[in-house]
Amino acid sequence: MARSKELVPGVGRLSRSQVFVARGLHKGIKKSDTPAAETPAPHVEKSIGGDKNGGKRLVPTTKAPRFYPAEDVRQPKKSRKSPNPPSLRSSITPGTVLILLAGRYRGKRVVFLKQLTSGLLLVTGPFKINGVPLRRVNQAYVIATSTSVDVSAVKIDDKLNDAYFTKTATKGARSAEEEFFEDGKPKAKQPLPESKTADQKEIDNSLIAAIKKTENLSKYLKASWGLSKGQFPHQLVF
Amino acid sequence: MTDSNFKRFVEVGRVVLLKAGPYAGNIAVITEIMDHNRAIIDGPSTGVPRQSYPFKHLTLTPHALTKLPRAAGSGVVKKQLEKEGTVEKWNKSSWAKKRAAVEARRSLNDFARFGVMLAKKQRRDVVRKAVSKA
């Protein structure tokens, strides 16, 4: 809609008639021809079982709420803002060697595979080289080096998505008694499902073949990264 | 006259190293002295356009073009540079080589630094074995 730019609070750039012209109101306000949405009947006839229950009954389609608040409070407006699709640093491309800066595998150099829809990066050690499995990693906690591996031959299955990596729901609530008795003992760990080890091996085999082509690259991925005396990240070239 | 302690003079033809500004790190030749602060320098084969430059931002090198007339144009400077082969002499000097080595070291990426570490380890190993044998 044509809006009159505010020059000073209360004073717009365009006058009322100029806004009228800019909005094209001489053409009239458009009315959309959407048909009224079909509203279901307020009551539905339902047959009830049992001898003494009257056979049929008119049941309201939408039930009235069980609870009304004591006071009419102002509801906050629903936000119309939506998050932007996740972006990726231009220095990170499939095959780039990344340095993990935080988390269980901090200091490890890993190979970037692809960005998932949540924005997290799918990464692998490869596991055989440095013990980092197929894992999700946040872009913010990563240094992208200029070294990269040729991953054109590595097929990344579509099943490796965010749902593959989310934690499985733990067993339902236990009774207070059970919890009291189990107190102190660590929860029994579920063994890693065979399918996940198979997925890891599949990706790693093709990756390791590509890594072997460059001299010292597997040694490089095996070693940890760290800052030594006199090294400052803003002065280093990665 | 006794020998002066000074070996490098600010004179027409002196090859200088630029210390600051957009052309820092290049060499050029003094073609004319403007006053006690500035000179006109020119580096036609080193990518330095002809311009006035303060002495503060110049370092004198031991090289000089002896046959350069005062206020010579860029073409003449270029010809003299090529005749004397000054740029090659500069590049062969240990001063220039040290500068190049420092620049190379600073531009190493993480993988290259790792390779340097491996090479140093290998060298250290060879030296240690030789020393323990001797």
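Quick note: numbers below take in every heavy atom, side chains included, and nothing from hydrogens, waters or symmetry partners. So you know, we letter chains A, B, ... as the sequences are listed, proteins then strands, and number each from 1.
- Screening B:K121, B:R123, B:K129 against B:D125 for a salt bridge (charged side-chain N to carboxylate O under 4.0 Å, His left out) leaves a single residue, B:K129.
- Contacts with chain B were tallied for A:T214, A:I143, A:T145, A:L217; A:L217 has the most, counting heavy-atom pairs under 4.5 Å.
- In this structure, the portion of B:L108 lying under 4.5 Å from any heavy atom of chain A is its backbone and not its side chain.
- A salt bridge links B:E11 with B:R14: at least one charged nitrogen is closer than 4.0 Å to a carboxylate oxygen.
- For a residue to count as touching a neighbouring chain, one of its non-hydrogen atoms must lie under 4.5 Å from one of that chain's; by this rule B:R113 touches chain A with the side chain only.
- For chain A, the nearby parts of B:F111 are the backbone and the side chain; heavy atoms of each come within less than 4.5 Å.
- A salt bridge is absent between A:K213 and A:D150: the closest approach of a Lys/Arg side-chain nitrogen to an acidic carboxylate oxygen does not fall below 4.0 angstrom.
- Remark: B:K19 fails to qualify as a cation-pi partner of B:Y53 under the 6.0 Å distance and 45° angle criteria applied to the six-membered ring.
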